[in-house]
**Student:** 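Quick one: structure below, then a few questions.
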Amino acid sequence: MRRRALRLFLAVLVALATSLTGATAQAAEPDSPAVTYTNPIAEKRADPHIVKHTDGFYYFTATVPEYDRIVLRRATTIQGLQSAPETTIWTRHADGVMGAHIWAPEIHFIDGKWYVYFAAGATHDVWAIRMYVLEGTGADPRTAAWTEKGQIRTQWESFSLDATTFVVNGVRYLAWAQRDPSVDNNTDLYLARMANPWTITGTPVMLSRPTYSWETVGYKVNEGPAVIQRGGKVFMTYSASATDSNYCLGMLTASASANLLSRASWSKSPTPVFASSAATGQYGPGHNSFTVSEDGKSDILVYHDRGYKDISGDPLNDPNRRTRVQKVYWNADGTPNFGIPVADGVTPQRFSSHNFPDRFVRHYDYRARIEANVTRLADSQFRVVPGLAGSGTVSLESANFPGYHLRHDAFEVWLERNDGSARFAADASFHRRAGLADPAGVSFESHNYPGRYVRHWEYLLNVQAVSTATDRADATFHAR
């Protein structure tokens, strides 16, 4: 009854707005409209790092399976990196330090110069992994003059890697992974201030040690830190466990106004925030970075994984980690939601209600509805694919149930597996129209029942004819 009363109250408001303005009241444009990419972005490229520079170009570097060089790609779009030519900007030494295991390069632009952070072993000891820095002068890092600034010295001369740098409140920090010689594990996460782009200053603080079961499968590992900031908070993702299908992301959170060099300022997620998905066929997602969409309105997760679970031999000798991207969404509490590693191909979208902007189309017990605060993100993500019935239609495929599509049955919208029948194809196909209540939105007209549109009623999705302003608003959605 309370929902029905709310619906009636909303209808009165919409009618009043229509009578006053001559048009249906419109929801605000999404602050982060939909972006889609086609994965993978790059085959055989692990530990990916993509940065959008002020020149309008994206720069992409990653670990190559030969572990012998540092490469760069440049494009005006993230998707363009897929086919962009690759330039080698540095090659390992033939002898001594920086002569083996060239891992996890990151590129940053600091105070007018380019810097690449990377890890490397030595020809006499390939496991003597340490962190090093290159400095580049020139507008285009692919053709810059690169010089070696040497090793980043820390509190110990021990296994260390995965350096990344970021600024909070005007202070530049370095985060990295390192083995504490006094502890029986592989690597912990550390943080320190920087005196310059290749030197830390002060006493580093240990932020995280692998203690949860999901951090200690195969190896006891916290590595690959990456930082994203929003709403006065600092989020540091990191990778855990062995680099096979157990590889996953954890996350640390701190207030941007706190003392970041105090371990007490950081809280740690008790469970992984991003992990393998058998449903989508993606395994071992990890060693991520963050970038932004072409319009600057969406945060993008960049990571690697494999398209299969079982690996023969040492995972480090398996070359098939691929670079992938997908949009980051933000929960109502201000925390990032990465969902699941989505299937290869086009990335999914979310659809918010025009007249209930905080509610998203999602499936629950296979019934389609609109709902707020969908923290089980993948339930509210759908791939817009060519319509099963053809004729210029589209179908909406579930992100976490590939092969399942939204279809109407007795005019109710459900998520069901495609059974290959002509009826299913017709029921699951829609004509994508400009939003009936807002042309900036989208409405979905039934393929086999022209004039009927997907709309919500009592928060459940149905396929119905529309005639009133309220009907049109209920049948309009915004892609996010």
Side-chain angles (χ1 to χ4, degrees), residues 38-49 60-71 82 86 88 91-92 99-105 118-129 159-162 177 179 184-187 210 212-224 237-250 272-289 301-326 338 340-345 400 402-403:
T38 300
N39 280 316
I41 296 297
E43 299 284 356
K44 296 185 177 181
R45 291 294 178 266
D47 313 323
H49 189 260
F60 165 47
T61 186
T63 301
V64 300
E66 297 80 11
Y67 302 150
D68 64 350
R69 65 194 186 276
I70 296 175
V71 298
Q82 191 176 54
E86 198 166 74
T88 297
T91 303
R92 67 179 177 88
H101 282 167
I102 310 304
W103 288 349
F118 66 101
T123 56
H124 61 274
D125 183 357
V126 297
W127 296 109
I129 306 293
F159 187 94
S160 55
L161 71 169
D162 297 347
R179 182 178 181 273
D184 181 24
N185 68 0
N186 296 97
T187 53
Y212 289 120
S213 60
W214 52 270
E215 298 178 296
T216 58
V217 182
Y219 296 98
K220 300 175 182 178
V221 168
N222 282 178
E223 65 182 15
T237 54
Y238 63 92
S239 301
S241 287
T243 57
D244 53 18
S245 63
N246 296 293
Y247 210 47
C248 60
L249 293 185
V273 295
F274 198 57
S276 293
S277 172
T280 60
Q282 307 300 324
Y283 296 94
H287 203 117
N288 77 289
S289 61
L301 175 69
V302 184
Y303 64 98
H304 74 237
D305 75 4
R306 292 182 178 88
Y308 50 87
K309 181 178 182 179
D310 297 325
I311 298 170
S312 177
D314 188 338
L316 286 176
N317 295 328
D318 182 294
N320 294 316
R321 292 178 289 179
R322 312 92 47 81
T323 294
R324 310 177 84 251
V325 296
Q326 59 192 70
F338 308 117
I340 62 174
V342 298
D344 284 349
N400 53 349

**Student:** Let me confirm one number: the CZ-OG1 distance from Arg69 to Thr61, rounded to the nearest 0.5 Å.
**Tutor:** 10.5 Å

**Student:** Determine yes or no for a side-chain-to-main-chain donor-acceptor pair under 3.5 angstrom, with Ser239 supplying the side chain and His287 the backbone.
**Tutor:** yes

**Student:** Does the side chain of Asn320 pick up a donor-acceptor pair with the side chain of Tyr308 at under 3.5 Å?
**Tutor:**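 There is such a pair (donor and acceptor under 3.5 Å, judged by atom type) between the side chains of Asn320 and Tyr308.
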
**Student:** Can you list everything that forms a ring pair (Phe, Tyr, Trp, His ring centres under 6.0 Å) with Tyr247? Sequence neighbours excluded, please.
**Tutor:**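 If we apply the ring pair (Phe, Tyr, Trp, His ring centres under 6.0 Å) test to Tyr247, skipping adjacent residues, the hits are His304.
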
**Student:** Do you know which two heavy atoms are closest between Ala275 and Pro341, and how far apart they sit?
**Tutor:** O-CD, 3.1 Å

**Student:** For Val71, is there any backbone N or O sitting under 3.5 Å from a side-chain donor or acceptor partner on Thr88?
**Tutor:** no

**Student:** Does Asp305 come within less than 4.0 Å of Arg321, counting only side-chain N to carboxylate O?
**Tutor:** no

**Student:** How long is the straight-line distance from CZ of Phe118 back to CG of Leu161, given to the nearest 0.5 Å?
**Tutor:** 12.5 Å

**Student:** Before you tell me yes or no, could you show the steps for Phe338 and Thr237 under side chain to side chain contact (heavy atoms under 4.5 Å, CB included), namely the whole-Å CA-CA distance, both residues' side-chain angles and the distance that decides it to 0.1 Å?
**Tutor:** CA-CA 11 Å; Phe338 308 117; Thr237 54; 3.8 Å; yes

**Student:** Consider only side-chain N and O atoms of Asp344 and Gln282, and report whether a donor and an acceptor are under 3.5 Å apart.
**Tutor:** yes

**Student:** Going from OG on Ser289 to OH on Tyr303, what distance comes out if it is rounded to the nearest 0.5 angstrom?
**Tutor:**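 Reported value, rounded in 0.5 Å steps: 12.0 Å.
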
**Student:** If you draw a 6.0 Å radius around OH in Tyr67, do more than 12 non-hydrogen atoms from other residues or ligands fall strictly inside?
**Tutor:** yes

**Student:** Nearest 0.5 Å, what's the CG-OG distance between Asn246 and Ser241?
**Tutor:** 6.0 Å

**Student:** Just by distance, with hydrogens left out, do Asp47 and Thr63 show a side-chain donor and acceptor under 3.5 Å apart?
**Tutor:**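 Yes.
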
**Student:** Between Asp162 and Glu223, what is the shortest heavy-atom contact and its length?
**Tutor:** OD2-CB, 3.4 Å

**Student:** If you look at every heavy atom in Ala240 and Asn222, which pair is closest and at what distance?
**Tutor:** CB-ND2, 4.2 Å

**Student:** What's the spacing between Leu249 CG and Tyr238 OH if we round to 0.5 Å?
**Tutor:**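 It is 9.5 Å, given to the nearest 0.5 Å.
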
**Student:** Within the side chain of Gln326, is there an N or O that forms a donor-acceptor pair under 3.5 Å with the backbone of Leu301?
**Tutor:**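 Answer holds: no.
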
**Student:** With sequence neighbours left out, what residues match Tyr212 under ring pair (Phe, Tyr, Trp, His ring centres under 6.0 Å)?
**Tutor:** Trp214

**Student:** I'd like to know if the side chain of Asn185 reaches the main chain of Lys220, judged simply by a donor and an acceptor atom lying under 3.5 Å from each other, with no hydrogens or angles considered.
**Tutor:** no

**Student:** Enter the distance from Arg306:CZ to Arg322:CZ here, rounded to the nearest 0.5 Å.
**Tutor:**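 Answer rounded to 0.5 Å: 10.0 Å.
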
**Student:** Would a distance-only check, ignoring hydrogens and angles, find a side-chain to backbone donor-acceptor pair under 3.5 Å from Thr323 to Arg45?
**Tutor:** yes

